[in-house]
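To keep things clear, I will list the structure first and then write my remarks on it.
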Amino acid sequence: MAGQVRVDVVGIGAGDPGDMTVNAVAALRAADVVFFLDKPGEARELSDLREAILAAHVPDGGPRVVRAEDPPRDRTTPAYAGAVHDWRARRADVLEGMVRDNLAPGERGAVLVWGDPALYDSIIAVFDDLRGRGTLDLDVRVLPGISSISALAARHGVTFNQVAGAVQITTGRRLAAGWPEGVDDVIVMLDAQNAFTRYVDEPDLVIHWGAYVGTADELLISGPLAQVADRIVETRTRARAAKGWIMDSYLLRRPARG
């Protein structure tokens with residue numbers, strides 16, 4: 001095994017170059033190589049956005065950019081956990097080759113991660129896998145970013161929780177199975193099936209929804225769920241068809257009880 005190399009996992013926010021932290025910008029400027037895992041098809045726009053963020057903060061020269069195609073994930077199998085585990089292992093295979101072939105001992109690499117790397121992103125687990133293999137001497141540092149849900153709350157001018165209340169961050173898959181116990185505020189990510197529509201008959205529910213938050217294509221809808229649910233579904237469907245991908249999240253709020 002060759003000498004140690006460092007890779008910074010850099011949270012880059014939801015899309016606005018102005019949302020980068022000072023530490024994240026410093027990491028990009030110190031990097032020798034930036035690794036891009038590109039998604040095929042229309043989602044190439046995500047790579048273009050990362051390039052724009054890189055150019056905004058490292059305008060003169062900057063690090064080398066090394067690209068590879070992000071392995072596809074099976075989104076149809078009912079064995080969800082197994083599919084995610086398999087996908088992460090294949091991502092680790094790709095990143096292992098990228099790091100081995102492009103970083104010399106003493107150099108620094110960076111991987112740009114949407115939002116915050118600690119929130120519903122696989123890249124930290126992927127690097128844990130790599131370090132566990134023992135094939136590379138890796139020093140991995142994680143730099144937090146502004147999450148998509150933080151940007152969502154800011155755009156709508158709301159807080160995550162009500163006075164003295166709890167908030168739960170969950171997925172559309174789990175929300176579809178039932179409202180979490182003990183909370184009035186639920187933040188939902190990774191909802192491909194519009195799970196919020198299950199609750200349109202519940203009185204007094206309010207939703208704050210956003211897609212592509214922080215980009216030029218930002219979409220925001222807010223209001224009583226019963227009144228805006230259909231508009232969100234229609235807007236979401238149209239946007240995904242036009243772009244080929246969507247990144248969205250939302251806050252569902254019940255009036256605080258007692």
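This chain uses plain numbering: 1 for the first residue, then up along the sequence.
- Here the CG-NZ distance, from D217 to K243, works out to 3.5 Å after rounding to the nearest 0.5 Å.
- Distance check, rounded to the nearest 0.5 Å: CZ of R236 to CG of N194 gives 5.0 Å.
- Between D8 and R6, the shortest heavy-atom contact is OD1-NE, 2.9 Å.
- D201 CG: 12 or fewer foreign heavy atoms inside a 6.0 Å radius.
- For the side chain to side chain donor-acceptor pair (under 3.5 Å) with R253, the qualifying choice from D185, N161, D184 is D185, the only one to do so.
- Nearest approach of V213 to A151, heavy atoms of both residues: CG1-CB, 3.7 Å.
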Could you go through residues 17-32 and list every donor-acceptor pair under 3.5 Å that involves a side-chain atom there, pairing it with any protein atom two or more places apart or in another chain?
unit_1	atom_1	unit_2	atom_2	d
T21	OG1	A24	N	3.0
R29	NE	H57	O	2.8
R29	NH2	H57	O	3.1
D32	OD2	R108	N	2.8

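- No side-chain heavy atom of V188 sits under 4.5 Å from any side-chain heavy atom of T171.
- Contact check on D93 versus R90 returns no salt bridge, with no Lys/Arg side-chain nitrogen under 4.0 Å from an Asp/Glu carboxylate oxygen.
- A donor-acceptor pair is defined here as one N or O able to donate and one able to accept, closer than 3.5 Å; such a pair exists between the side chain of Q162 and the backbone of R254.
- Side-chain contact check for I124 versus V113: every heavy-atom pair is 4.5 Å or farther apart.
- The CG atom of D139 sits 8.0 Å away from atom CZ of R131, with the distance rounded to the nearest 0.5 Å.
- The minimum heavy-atom distance linking S122 with R88 is given by the pair CB-NE, 3.5 Å.
- Going from atom CH2 of W114 over to atom CG of D121 covers 11.5 Å, rounded to the nearest 0.5 Å.
- Remark: S222 engages H156, H208 in a side chain to side chain contact (heavy atoms under 4.5 Å, CB included) (not counting sequence neighbours).
- If you look at Y212 and W245, their ring centroids are closer than 6.0 Å.
- Using a 4.5 Å cut-off on side-chain heavy atoms (C-beta onward), L103 and V7 make contact.
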Verdict with reasoning, L136 to R100, per side chain to side chain contact (heavy atoms under 4.5 Å, CB included): CA-CA 7 Å; L136 296 171; R100 182 188 61 240; 4.0 Å; yes
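- What you find for S147 and L119 is that their closest heavy atoms are CB-CD2, 3.9 Å.
- Between M247 and L46, the closest side-chain pair of non-hydrogen atoms falls below 4.5 Å.
- When all heavy atoms are compared, the tightest approach of L54 to P63 is CD1-CG, 4.4 Å.
- In this structure the side chain of V158 reaches within 4.5 angstrom of the side chain of L251, judged on heavy atoms.
- W209 and D248 form a side-chain donor-acceptor contact under 3.5 Å, judged by distance and modelled atom types alone.
- Distance check: E107 CD to R64 CZ gives 5.5 Å after rounding to the nearest 0.5 Å.
- Judged by distance alone, the side chain of W87 and the main-chain N or O of P71 form a donor-acceptor pair under 3.5 Å.
- Of all the heavy atoms in L190 and Y120, the pair that sits closest is CD1-CD2, 3.8 Å.
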